[in-house]
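Reviewing the structure listed below.
Chain A is the first sequence line, chain B the second, and so forth, proteins listed ahead of strands; every chain is numbered from 1.
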Amino acid sequence: MTDATVKMDAPFPASLLDSAPAPTVGTAQPRIDGPRKVSGTARYAAEHFPEGLAHGVLLRAPIGCGRITGVDAEAALAMPGVLALIRDERLIRNGGDFAGAAAPVQGVDEVAYFGQPIGVVVADSPERARAAALSVKVTYEAAPGVFDMEAARGTALPPTDDIYGLFLIHTEQGDVDRTAHEAAALVDAVWRTPSQSHAAMEPHASVAVWQDGRLTLHASYQSPVVTRDQLATVMGLQPSEVRILSPFVGGGFGGKLGVMPEAVAAAIAARHLGRPVKVVMTRQQVFETTGRRPMTHQRVRLAADAAGRLTVLQHETITDQLAGEVFFEPAGLATHLLYAGENRLVDHKVVRTNKLLGVSMRAPGEAIGQLALECAMDELAEALDLDPIELRLRNEPERHPELGIPFSSRALVDCLRHGADRFGWASRNRVPGGLRDGEWLVGHGMAAAARGNLFGPSRARVRIDAGGRVMVETEMTDIGTGTYTVLAQIAADLLGVPLARVEVRLGDTDDPASAGSGGSWGAATSGSAVYAACAELRARLAAAAGLPADTLTFADGMVTASGFRRPIAELVGDGLSVEGSVQPGESNSRFNQTSYGAHFCEVRVHAVTGELRVARWNSVFAAGRILNRQTATSQAIGGVVFGIGGALTEELVHDPRSGKVVNRDLGEYHVPVHADIPPIDVHFLEERDPVANPLLAKGVGELGVCGSGAAVANAVYNATGVRVRDFPITLDKVLAGLPPVSAARRRA
Amino acid sequence: MPWIEADESVPLTLSVNGVSHHLDVDARVTLLDALREHLQLTGTKKGCDHGQCGACTVLVNGRRINSCLSLAVMHRADEITTIEGLGTPDALHPLQAAFVETDGFQCGYCTSGQICSAIGMLDEWRAGWPSHAGAGAGPARTIDAAEIRERMSGNLCRCAAYPRIVEAITRYAAGEGAEA
Amino acid sequence: MIAFDYIRPGDAAEALQAAAERPGARFIAGGTNLLDLMKLGIERPRHLVDIGGLDLRTVSETPDGGLRIGALVSNAELAAHPLVRDRYPVLSQAILAGASGQLRNKATTGGNLLQRTRCYYFYDPASPCNKREPGSGCAALGGFNRIMAILGTSAHCIASHPSDMAVAMRALDARVETRLPEGTTGDRKLDTLYRLPGTTPHIEHTLAPGELITAVLLPPPVPGRHHYRKVRDRASYAFALVSVAAVVAVEDGRITQAALAFGGIGTMPWRDRAAEELLVGATPGQDLFERCADAVLARAQGHGGNDFKIPLLRRTLVACLTDLTEDAR
């Protein structure tokens, strides 16, 4: 099947990347796709215009639960240029997220959430399609639904599926109740996090073209093969009869994982009309019709002895999801491994609500789980009168505290110490509410970060043409993550050619399938597949040279050994093509693999109004080998800002009477803007993970979002003396704890 | 000019990046959709279609606007500059080059808007326009980060390249000053 | 948006005639609010009169020492205008605290006065809303109402007015100059442009059909310090939770002039002259300012999610007044 396979069964004593004489890997390289992106010439999904293109607009259910009884499209169909109203039973109600190759829930009559797609109107122009959609009249029978998770907490049940074993539903050891009663210090509180929206800048978009019975879809997906398989099932086709092209994806963050309604609508409409159809979601539809991070109610109980050693770690999460869907928000993920402690309980339960599908969103579980856990640690440190860093140092585990297996690499302690130095933690404010700068209360906070390093099968083809140019081809995507550049770097270093001689082609399901972009695993999985292919190419070049591979040096387009020096182009004949693949193996169960970090920040809270502003930021991360310092730093910054947004401004609000997304636009769903974000200092520790993969790299894309929000919350407490456990921490939640106005105003 | 009746197509000449384009469009077509759907100048992006993200920012007679909240028929007499008019992959505008150098983007979807917005913003700065950030503007001063952040806040970036965008604009503005 | 007839007249007379020809016609200038609402099907004008070609883009001094601001002067140009920055800084500050650079370049003075609420339920045609669809009910009551008004509300509507500029204009006693289809001109205080929702929240202003705002007139500047203080969730590009526009003068230890207007809290740009009267002639001080806040908030009513606006406005106002009077005592 492939020419070279690497399985993660044992640690890697060395990486070929370390043999490159002038490596690009590990340096800061500008993106090779950068010039196209900054000049507007990179083409995204909606930017394809096949002959005869028609335009579809999704119709929405105007109720939160019930049944559509009638759709009157007479007026709409009489409008100029309107081609069809399609209410095909194959249209999907929910996105595909974790449906695997199965079809997501389909149908256009039963309504499970407000805004659910119930049809598509197609016209010969976008303007006509939208106007027609506005004039469609929908009748319905509303049914009582469950719209308020908090009110329905009593109905929570364990999740039905552990998502390939990735999300542990319930683990327990020791006796948490008895131990908690004997503790020297105890924190036992509830943190709440709201629904959040991925809010990628590019709305979901699909252009469907049928030719000779085969469907081609220009679309915006993180993992096109997964989307293809689901779409094929929905359409009753073989996967080989569907091709998805996603060479550029305008952000994903988990919101573009499985197939979404617009892709199915475009495919069905194009088939029905016999012409290409484009369906682009409106921003409002992205908010109410794609997916959300589920809301959570997290009880965290931490207990410690007088020496500051944790004796109880208990993290019980209640989250919400549509009935029948397997995904749940695994908020306890990091709690399994971040700290030592004998008595532990991590549990998840789900309330079935009639609200937009819950899906993966950047660091599912860990992002918001560490909000609660790392805030609880801050509270515990205070109860113990310990520096919060010291508390973490005293609870650093030698091995995985529940499984007893070793960590593949773990530099949390170094991250904490380096971060403290870079931030100047020693001179932090130590009295909550005690530091002022004019009218601003100044607070300092920190938190640890951890994100599991996942691995999945991935394939890539690497070709060297007769001219010595290198082409990397894989279905893997670059959703802003830097994949184009990182894969080119790996191929360039391993084959000894200049970066400019490497071309990378991504996002085409006709190319070798990858693990896709998600779970912070993209670079490691697809990069390892490229590594496997390049290693095999080196062996073939060695064979062509008649020399053992380990005696050769690959650099400057030349293959060199003692007394041997030939241009690579002379050794490839008509060209070489190798497909490499990687598989998870025993290393993935024998070791715990996790990336770590530490965040430090200064937050300012206006003493009169409670306005909250992040003023200063330092993060230190250890994620194995950093493949490209430039793009990894951008990823880390992006993660931190995601965390800041989650801590201070982001809340996807559901109407308590219908579950409807109330703030369904970017004016009222507050992602951070330029003015909200100070310079973000990111520092990566030198680390190699010998277990993770032949690159010795771990994931970095979601690490920044883990713990960063907790650092903000802890700084807010340090600034004001107010603990807010309901996220986001908006000014109304700190107002009552602020000093009286007479004392709040700036001091002369 | 007489009434154009509903659903009647409107003949229109748009001057984009110095080139005149003749179009027949529905009066409802926004400037953004005229650029993207009719001229296939897709460098200008549609992120929200409601003036809440800035991805569609273009320059009209040198001033930055959200092209999603303007009708194409309103721009017969205007000179429109889009990202395609600034530079090409092989010959980038210095600000585009600065974005590549500082990694002032990730997914790239907000980038055209950020760049066009920054060009317009710096012209506003040089013209002495004030901002909520409160520092005095003007040609004699180099713009600082706080001013850039406030003045660029109409351009969202969910990948959050914000600090690096600010760096790109700062570098470019400093270079401009040196050349002047 | 639904299809509309479109015309772009060359002058005001043509514009008025065009609007009179086709009943229900709407003027469109910057379009930053109207097109936004038309795309969502919230505004459904059948006829659009594009007034972008009209000669209403100048700012000039009036014989009495005031300012005449053409209705089409962009928000950005107005905020940057030397006379505005010099004589009416509260107006410049208010404009700059709102929207984004791009929107301020497009949005006009006249249009800003008439911008419509950002109420989430008004913005969703699937929700009941008496403002959008009279008689359908108010989903904000009993719904999520964090951004809604606490003053001037009725049992039919609690939507807040979103403008920053108009708040400063109210504090400055602006007047609105109009032209009517008959060819006559109108002149009214900004105070009388707006209507409280009452039982007819869909009627937001007192303009007659086809009446065109041609200019905003500012009276001669009054002595005093100016300040616009806006409180919002993000550091920029967000609507006000509360805002205060204040022009206050102190002489010989007493307040001689006070104009106060408020954003984010009212169903229209809010002004409370009784609260101002409390201040004038009095000695600045915390107690006085608290009483002033009491007066402004006497009839304030929270709806659960926006209860915080009451203490927030109180604190913001007291701090703002203290700042403006402090060194002048």
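The side-chain contact (heavy atoms from CB on, under 4.5 Å) test with C:L241 is passed by exactly one of A:L731, A:D732, A:T730: A:L731.
For C:N75, the side-chain hydrogen bond (donor to acceptor under 3.5 Å, both in side chains) partners are C:N112, not counting sequence neighbours.
For A:T649, the part lying near chain C is the side chain, with the backbone staying farther off; criterion is any non-hydrogen pair under 4.5 Å. Only the side chain of A:R60 has a heavy atom closer than 4.5 Å to any heavy atom of chain C. Of the atoms belonging to A:I729, not a single heavy atom falls under 4.5 Å from chain C. Of the atoms belonging to A:H606, it is side-chain heavy atoms, and not backbone ones, that fall under 4.5 Å from chain C. For a residue to count as touching a neighbouring chain, one of its non-hydrogen atoms must lie under 4.5 Å from one of that chain's; by this rule A:L648 does not touch chain C. In this structure, no portion of A:V138 lies under 4.5 Å from any heavy atom of chain C. When heavy atoms are compared at a cutoff of 4.5 Å, A:P740 approaches chain C solely by way of its backbone atoms N, CA, C and O. Heavy-atom distances place the backbone of A:A607, and not its side chain, under 4.5 Å from chain C. Both the backbone and the side chain of A:V662 come within contact range of chain C, each with at least one heavy atom under 4.5 Å from a heavy atom of that chain.
The shortest non-hydrogen separation linking C:A319 to A:V608 is CB-CG1, 3.7 Å. In this structure, A:D676 and C:A235 approach most closely via the heavy-atom pair OD1-N, 2.7 Å. The two atoms that bring C:R44 and A:L134 nearest to each other are NH2-O, 3.7 Å, heavy atoms only. Heavy atoms only, all atoms of each residue included: C:G142 and A:P656 are closest at O-CG, 4.2 Å.
Interatomic distance, CG of A:N663 versus CD1 of C:I147, reported as 9.0 Å (0.5 Å rounding). Here C:K230 contributes atom NZ and A:E611 contributes atom CD; the two are 11.0 Å apart, rounded to the nearest 0.5 Å.
Each of C:Y121, C:Y237, C:Y123, C:F239 has some count of heavy-atom pairs under 4.5 Å with chain A, and the biggest count is that of C:Y121. Put simply, of A:M79, A:K660, A:E127, the one with the most heavy-atom pairs under 4.5 Å next to chain C is A:K660.
Of residues 306-317 of chain C, those residues with a non-hydrogen atom less than 4.5 Å from any non-hydrogen atom of chain A are, in numerical order, C:F308, C:P311, C:L312, C:R315, C:T316.
Residues A:E439 and C:D323 are in side-chain contact: their nearest non-hydrogen atoms beyond the backbone lie under 4.5 Å apart. By the 4.5 Å heavy-atom criterion applied to side chains, A:R130 and C:M1 are not counted as neighbours. Side-chain contact between A:Q284 and C:L40 is present, with heavy atoms from C-beta onward closer than 4.5 Å. Between A:H654 and C:F144, every side-chain heavy-atom pair lies at or beyond the 4.5 Å cut-off.
Between the C:R234 side chain and the A:V673 main chain, no donor and acceptor come within less than 3.5 Å of each other. For A:R657 (side chain) and C:A139 (main-chain N/O), a donor-acceptor pair under 3.5 Å exists by modelled atom type.
Using a 3.5 Å distance cut-off with no hydrogens or angles, the side chains of A:D655 and C:Y120 do not pair a donor with an acceptor.
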